[in-house]
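Chain A is the first sequence line, chain B the second, and so forth, proteins listed ahead of strands; every chain is numbered from 1.
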Number of protein chains: 2
Amino acid sequence: MATIKDIARVAGVSVTTVSRALNGYSDVNENTRQKIIEIAKQLNYSPNTLARSLVMNKSKTIGLLVSGLKRESSKDNFTFEVLAGVNQYVGETDYDMILFSTNSTKQREKTYTQLCRERRVDGAILQGIRIDDPYLQEVVESDIPCVLIDIPIESETVGYVTTDNVLGAKKAVQHLIDIGHKNIAMVNGYEFAFVSQKRLEGYRQALLEANLPFCTHWVVDGKFEEEIAEEKALKLLKQYPEITAFFCASDLMALGVINAVKKLDKSVPEDIAVIGYDDIFLASYSTPALSTVAQNIFAMGYEAAKLLIEMLEGKAKSHVKILETELKIRESTVKNHC
Amino acid sequence: MATIKDIARVAGVSVTTVSRALNGYSDVNENTRQKIIEIAKQLNYSPNTLARSLVMNKSKTIGLLVSGLKRESSKDNFTFEVLAGVNQYVGETDYDMILFSTNSTKQREKTYTQLCRERRVDGAILQGIRIDDPYLQEVVESDIPCVLIDIPIESETVGYVTTDNVLGAKKAVQHLIDIGHKNIAMVNGYEFAFVSQKRLEGYRQALLEANLPFCTHWVVDGKFEEEIAEEKALKLLKQYPEITAFFCASDLMALGVINAVKKLDKSVPEDIAVIGYDDIFLASYSTPALSTVAQNIFAMGYEAAKLLIEMLEGKAKSHVKILETELKIRESTVKNHC
DNA sequence: CTGAAAGCGCTAACAG
DNA sequence: CTGTTAGCGCTTTCAG
């Protein structure tokens with residue numbers, strides 16, 4: 001593979017000149033430059049970014065640490081959409097992206113930080129990390145610039161992008177209240193998810209503002225899984241038949257709840273209204289079509305990449321980006337009989 | 001950031017010894033090694049893979065060139081599943097993977113080959129490339145080892161993984177014939193997709209073997225898109241009311257065909273049977289649940305990565321891997337009235 | 001405008 | 001078992 005040395009030899013100039021010519025420096029004779037470019041083309045030259053990165057001490061590479069890059073997670077394409085968003089922005093720059101999966105065997109031996117340091121990534125985006133993940137702390141405390149998705153930590157080198165989860169949840173619950181529901185249960189994700197904490201808070205606020213009681217027994221954790229949500233909802237509905245509506249912290253769980261309702265020979269939305277969160281693709285395809293709080297996940301990925309690269313180039317004004325959510329009312333919630 | 005030089009200084013040995021100790025060479029005193037490892041830990045040392053790659057002339061990196069890493073493609077999660085499969089295998093090795101999107105602005109300036117050469121990837125996996133893509137030729141002719149997904153090109157440095165598309169299509173059409181259909185139309189993808197050519201062949205074979213006429217007017221291209229398939233099917237059904245069944249080259253298109261049938265106030269499967277291809281997640285969720293030819297796409301990604309890395313390590317016996325497909329009969333095909 | 005020389009962090013003969 | 005030396009391909013002072 002041709003190197004600048006080869007070009008230099010053929011052109012009869014020094015490697016310095018070749019380097020400068022190819023990198024568009026101004027202090028090189030236009031004729032020399034043209035000749036060098038010509039020769040580079042003939043030799044089918046490709047710069048060796050490894051060598052360049054080594055000497056420049058930056059790799060123009062960002063690491064994307066994702067969880068949920070596994071087989072089962074294609075249902076809820078959260079990870080995929082983040083990835084697509086990141087990829088979109090990165091594709092518009094001269095950075096490339098290297099993918100680290102947080103559920104690989106490799107990762108069990110090396111921490112995220114090690115992975116990033118070894119590959120000398122300039123910065124990283126973290127998605128799907130639980131707030132009790134010991135490595136989260138480590139990455140954040142390292143000197144690697146990073147942007148977190150849905151985890152609000154901010155520092156000199158750390159930024160985040162998220163949506164307003166309190167408000168999103170509030171809008172959903174208010175909608176249920178608006179259409180006449182008074183006994184609203186919630187199926188949350190899990191304790192250690194930041195978004196779960198916030199959505200719970202939104203649920204609580206909406207109830208209180210409507211002078212409805214907030215009862216912890218009506219809040220269960222579905223671990224963001226369809227089956228668990230179904231199970232928990234089933235139990236809840238049997239124990240508290242007065243419940244007429246469910247607010248779920250994810251669409252997948254909402255689908256589970258709908259299954260539970262069906263199993264009790266009741267129907268959605270006539271007997272029980274159900275609203276989800278995320279607006280996954282399936283939401284609009286299921287029967288009944290699922291009302292939900294839509295998050296633009298692609299945009300989260302895009303903005304995360306944008307923020308990170310701005311941080312790397314030292315031109316980020318803020319390290320925080322909060323995106324909007326949108327209430328989508330479909331068939332699974334509808335004006336109540338009462 | 002600590003280097004082996006730092007370690008050498010502190011340990012009072014040469015960098016060579018440090019390098020050897022850390023890389024597990026046998027010709028180094030166990031005491032020295034322990035001391036060096038200890039110091040490395042204290043200094044929070046991370047090897048610089050850039051430097052290592054530069055000197056070793058291999059990067060332990062594979063490039064994944066995917067198309068369809070865009071927003072809209074989350075419906076059919078083909079790309080995602082390939083990605084997940086590749087990631088799974090790569091995660092079990094000491095390789096990392098760098099993601100190149102073939103629909104980025106960057107790619108419009110640089111060819112895939114350039115991208116790969118600049119980053120010095122050891123090999124590449126290509127997915128979603130059309131066989132008329134000019135760059136396909138280029139990559140294949142370059143000296144970069146690569147594995148293609150669903151494109152049968154084989155050479156010293158090129159391998160591929162695919163499924164038996166002729167057989168898959170044949171099974172689907174035979175199933176339609178088995179349940180009594182005689183007038184079976186096909187909605188294909190597009191001319192320049194290898195899988196489309198093969199599935200068409202399978203369709204043709206199944207018909208001929210059953211002594212049914214093969215009529216080109218009954219084969220239309222839906223470009224793998226739901227809406228286009230719907231449109232084309234609508235036209236076909238109006239023009240040839242004798243058609244009672246559709247074989248579609250993708251599930252998404254099958255969904256489109258079902259829409260078309262509904263628009264004519266007919267129903268699936270009573271009036272028209274529809275079978276798809278892929279077994280996307282949506283297939284089992286739609287109403288009626290879609291019969292289809294299931295491909296294990298995750299496995300294709302996994303096997304592609306496996307094959308590539310075996311090729312890189314010089315221990316691939318074959319450069320070709322053909323995976324099985326499985327006929328999944330659900331609600332959209334059912335014994336015909338005749 | 002151009003070149004010589006140094007060095008990024010690491011590995012690999014080769015010699016002891 | 002260990003050190004010396006050279007060099008991977010590139011950028012960057014510093015002199016001309």
Side-chain angles (χ1 to χ4, degrees), chain A residues 1-40 43-61 94 96 114-122, chain B residues 1-37 39-40 43-61 94 96 114-122 143:
Chain A
M1 215 170 239
T3 71
I4 54 170
K5 224 165 165 179
D6 300 317
I7 300 178
R9 193 165 1 87
V10 176
V13 296
S14 73
V15 294
T16 317
T17 305
V18 176
S19 174
R20 277 193 293 236
L22 259 22
N23 288 309
Y25 280 55
S26 58
D27 59 350
V28 46
N29 185 296
E30 204 41 50
N31 292 328
T32 332
R33 161 174 284 124
Q34 285 313 325
K35 192 166 90 187
I36 289 174
I37 289 179
E38 184 54 36
I39 295 176
L43 263 38
N44 195 17
Y45 170 77
S46 280
N48 185 334
T49 53
L50 296 174
R52 177 183 284 154
S53 299
L54 181 59
V55 58
M56 309 248 288
N57 201 27
K58 53 182 172 160
S59 61
K60 292 276 182 182
T61 305
D94 58 344
D96 280 324
Q114 273 174 296
L115 255 17
C116 289
R117 284 166 45 118
E118 291 190 3
R119 288 284 175 181
R120 290 301 191 269
V121 303
D122 294 337
Chain B
M1 215 170 241
T3 71
I4 52 170
K5 224 166 167 178
D6 299 317
I7 300 178
R9 194 165 359 87
V10 175
V13 296
S14 75
V15 292
T16 316
T17 306
V18 176
S19 174
R20 279 193 291 236
L22 260 22
N23 288 310
Y25 281 56
S26 58
D27 60 348
V28 47
N29 185 294
E30 205 40 51
N31 291 327
T32 331
R33 162 175 283 123
Q34 286 313 325
K35 190 166 92 184
I36 288 175
I37 289 179
I39 294 176
L43 262 39
N44 194 17
Y45 170 77
S46 280
N48 186 335
T49 53
L50 296 174
R52 176 183 287 152
S53 300
L54 181 60
V55 60
M56 309 250 287
N57 202 28
K58 55 182 170 160
S59 61
K60 292 277 181 181
T61 305
D94 59 343
D96 280 323
Q114 274 174 295
L115 254 17
C116 288
R117 284 165 47 115
E118 291 191 2
R119 288 284 175 181
R120 289 301 190 272
V121 302
D122 295 335
D143 49 357

### Query
When the distance from NZ of A/K5 to C1' of C/dG3 is rounded to whole Å, what number comes out?
15 Å

### Task
Could you tell me the separation between the CG atom of B/N57 and the C1' atom of C/dT11, rounded to a whole number of Å?
12 Å

### Task
Measure the distance from CG on A/L22 to C1' on D/dT11 and round it to the nearest whole Å.
13 Å

### Summary
In whole angstroms, the gap separating P of C/dC1 from CD of A/Q34 amounts to 14 Å

### Query
Which part of the nucleic acid, if any, lies within contact of B/D27, taking any heavy atom under 4.0 Å across all strands shown: a base, the sugar-phosphate backbone alone, or nothing?
base

#### Entry: Closest to the A/R20 side chain, choosing from C/dA12, D/dT11, C/dT2
C/dT2

#### Entry: Between P of C/dC1 and CG of A/N29, the distance in whole Å
6 Å

### Message
Side chain of A/V15, heavy atoms from C-beta onward: which of D/dT11, D/dC8, C/dT11 has the nearest atom to it?
### Response
D/dT11

### Query
Rounded to the Å, how far apart are A/K58 NZ and D/dT12 C1'?
14 Å

### Query
Checking all strands, does A/S53 fall into the base, sugar-phosphate, or nothing category for heavy-atom contacts under 4.0 angstrom?
nothing

### Query
Donor-acceptor pair, A/D122 side chain versus A/S59 backbone, under 3.5 Å?
yes

### Query
Between D/dG3, C/dC1, C/dG3, which nucleotide has the shortest distance from any of its atoms to the side chain of A/T17?
C/dG3

### Task
Choose from C/dG9, C/dA12, D/dG9 the nucleotide whose nearest atom is closest to any side-chain atom of A/A51.
D/dG9

#### Entry: d(CE, B/M1; P, C/dC8) in whole Å
16 Å

### Task
Would you name the heavy atoms of B/R119 and A/T49 that are closest together and state the gap between them?
CA-OG1, 3.4 Å

### Query
Would you say the side-chain atoms of A/R33 pair up with the backbone N or O of A/A21, donor to acceptor, closer than 3.5 Å?
yes

### Message
Reading DNA chain D from 5' onward, which residue's closest nucleotide shows up sooner: B/V55 or B/E30?
### Response
B/E30

## Note on the structure
Checking C/dT2, D/dG3, C/dG9 against the side chain of A/T32 (C-beta onward), the nearest is C/dT2

#### Entry: Minimum-distance nucleotide to B/I4 side chain [options: C/dC8, C/dT11, D/dG3]
C/dT11

### Message
Please find the pair of heavy atoms, one from A/P47 and one from A/R52, that lie closest to each other, and give the distance.
### Response
CB-NH2, 3.9 Å

### Query
Which listed nucleotide (D/dG9, D/dT2, C/dA12) is nearest to the side chain of B/V28?
D/dT2

### Message
Looking at every non-hydrogen atom in both residues, tell me the closest pair between A/I7 and A/Y45 and how far apart they are.
### Response
CD1-CG, 3.7 Å

### Query
Is A/S19 side chain donor-acceptor paired with the D/dT12 base, going by distance under 3.5 Å alone?
no

### Given D/dC10, C/dC10, C/dC8, the nucleotide with the shortest approach to the side chain of B/Y45
C/dC10

### Proximity to the side chain of A/T3 - top-ranked nucleotide from D/dC10, C/dA4, C/dG9
D/dC10

### Closest non-hydrogen atom pair between B/M1 and A/R117, with its separation
CE-CG, 3.6 Å

### Task
Calculate the interatomic distance between B/R52 atom CZ and D/dG9 atom C1'; express it in whole Å.
18 Å

### Residue A/N48, side-chain heavy atoms: nucleotide from D/dT4, C/dG3, D/dG9 that is nearest
D/dG9

